[in-house]
**Student:** 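Take a look at this one; I'll ask things after.
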Protein chains: 2
Amino acid sequence: MPVELADTTVASGADASKSRISRRRVLDAAARCFLNKGYAATRLSDIADEAGMKAGSIYYHFDSKEQMLSEVFDIGMTAVFDAVRTGVETLGPNASHRDRIGAAIKAHLQQLLEQSDYTAANIRIFGQAPAEIQRRHMPDREAYREYWRLLLEDARRDGALRADADLSLIRMLLFGALNWTVEWNDPEKGPADKIADAATAMLFDGLGT
Amino acid sequence: MPVELADTTVASGADASKSRISRRRVLDAAARCFLNKGYAATRLSDIADEAGMKAGSIYYHFDSKEQMLSEVFDIGMTAVFDAVRTGVETLGPNASHRDRIGAAIKAHLQQLLEQSDYTAANIRIFGQAPAEIQRRHMPDREAYREYWRLLLEDARRDGALRADADLSLIRMLLFGALNWTVEWNDPEKGPADKIADAATAMLFDGLGT
DNA sequence: GTCTATATTCAGATAGAC
DNA sequence: GTCTATCTGAATATAGAC
């Protein structure tokens, strides 16, 4: 029995692994398609083409197109939230507020532009996703916004940001400057870090003379 | 004959007018639907419902869904470009660069958030529109970008913006801050001008202490 | 000008062979 | 696990009555 058990374990382990791998390949393809064409305009055959299989085969891994979208959103939000938290915490507790916010901006843009099609898809197409899917993912997004809200509020409390600033407005303008990069950035043209530095400088210093 | 001529003229004038009016009603509905749901997710029956007619009737006024999208893009870009030019030129030739850029920001946001669903649709869904439509409207958008490029460059030339700024990068970050408002702004919550003032202050002064 | 009815095309989803 | 073949529903677009 130990042998059969071992064999079975190996076999099902291998199967499970193959399944997990091609499931992920399909999801990668879905994230790319959703990002580039939008949700409604993406056909299952587009995803299948990019994943190297036939449209019908997708249903071995997923129940529906909506399920794929939902998982793409989940993975994308987790990726960017983790990256930002890690980027800020890596600085240690004595970093300046400017450095903390700068690190958050850098991590956000790296995920969006270089690391994760899932994050990019989440940010780019969330607003046009089916209402039910949007509703389901509101709490994630709210938690992420809340993290940024505290980041900025702490900075103001300690005098690193002007006391008279409308922080929730500023936060949304900052998100806009960062998130809109997905509409125009050409990865060939330069690293996300360069954009991040410019955004941080604009936020803190402005461009007036 | 003068009578018949007059009658015919009046009658065809009235018909033409009715036609123009309901054509515009359909296009208004299309702009709203495209803005809210995206292009691919909008059905002709959505547009028809909102315009108070049946889906088939739309084809009396338009040849295709794509034609509607193309006209929405045209009207939206013309509206925002005209508004921005007018806003800047109204200041007269002796206005400060800060005031000129501030006026451009205000006009852009007013169109986007309060005046024109056409402009909002153009900005929000352009990136997910069919490739052929995007291609056709590239020159318009390029001209608009060019206007802003000169606005910022003139300011820098005269010393109103820092000499070391990467203006094309800054311009795209600014566009992002402004354009992303269409994703989050709640028209009930406050006027576009308030957002415009915050954006202008951020651009010139920054928020650091 | 707008309607009803319909042709046509297409995309999401399912069934069963391999 | 992936394929081929197919069902089904939907959406664009057309035809002809009113």
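Just so it is clear: chains get the letters A, B, ... in the order the sequence lines come, proteins before strands, and each one is counted from 1.
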**Student:** Could you pick out which residue, A:S64 or B:Y60, lies toward the 5' side of DNA chain C when each is mapped onto its nearest nucleotide?
**Tutor:**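 Its nucleotide being nearer the 5' end, the pick is B:Y60.
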
**Student:** Quick one: is A:S22 getting a side-chain N or O under 4.0 Å of the D:dG1 phosphate, OP1 or OP2?
**Tutor:**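 No, outside the criterion.
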
**Student:** Take the protein atom NZ of A:K65 and the nucleotide atom C1' of C:dC10, then report the distance between them rounded to whole Å.
**Tutor:**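 The distance from NZ of A:K65 to C1' of C:dC10 comes to 12 Å, rounded to the nearest Å.
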
**Student:** Look at the side-chain N and O atoms of B:S57 and state whether any lies under 4.0 Å from the OP1 or OP2 oxygen of C:dC3.
**Tutor:**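 Yes, such a contact exists.
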
**Student:** Taking NZ from A:K54 and P from C:dA13, how many angstroms apart are they, rounded to a whole number?
**Tutor:**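 It is 19 Å, rounded to the nearest whole Å.
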
**Student:** Calculate, to the nearest 0.5 Å, the distance between atoms CZ and CG belonging to B:F126 and B:L69 respectively.
**Tutor:**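 Between B:F126 CZ and B:L69 CG, I get 9.0 Å after rounding to 0.5 Å.
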
**Student:** Using whole Å, what does the distance between atom P of nucleotide C:dA11 and atom CD1 of A:I47 come to?
**Tutor:**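 Answer to the nearest Å: 12 Å.
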
**Student:** For B:E66 and D:dT12, give me the distance from atom CD to atom P, rounded to whole Å.
**Tutor:**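 These atoms are roughly 12 Å apart.
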
**Student:** Using ring-ring contact (aromatic ring centres under 6.0 Å, His included), reason through B:F175 and A:W184 one step at a time and then give a plain yes or no.
**Tutor:** CA-CA 10 Å; B:F175 275 167; A:W184 57 265; 10.0 Å; no

**Student:** Without decimals, in angstroms, what is the distance between A:Y59 OH and D:dT8 P?
**Tutor:**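 Whole-Å distance recorded here is 16 Å.
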
**Student:** Considering the options B:R24, B:R25, B:R32, which one meets the salt bridge (charged side-chain N to carboxylate O under 4.0 Å, His left out) requirement together with B:D28?
**Tutor:**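 Exactly one pass, corresponding to B:R24.
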
**Student:** Between C:dA13, C:dG12, C:dG1, spot the one nearest the side chain of A:R43, thanks.
**Tutor:**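 Nearest nucleotide to the side chain: C:dG12.
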
**Student:** In whole angstrom, give the distance that lies between atom CD of B:Q67 and atom C1' of D:dT12.
**Tutor:**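 My rounded result for the distance is 14 Å.
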
**Student:** Whole angstroms only, please: what is the CG-P distance between B:L69 and D:dT12?
**Tutor:**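 Whole-Å distance recorded here is 13 Å.
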
**Student:** When you measure from the side chain of A:H137 to the backbone N and O of A:S70, does any donor-acceptor pair fall under 3.5 Å?
**Tutor:**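 Indeed, once roles are kept as given, a pair shorter than 3.5 Å links the two residues.
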
**Student:** To the nearest angstrom, how far is A:D63 atom CG from C:dT14 atom P?
**Tutor:**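 Taking CG of A:D63 and P of C:dT14, I get 8 Å after rounding.
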
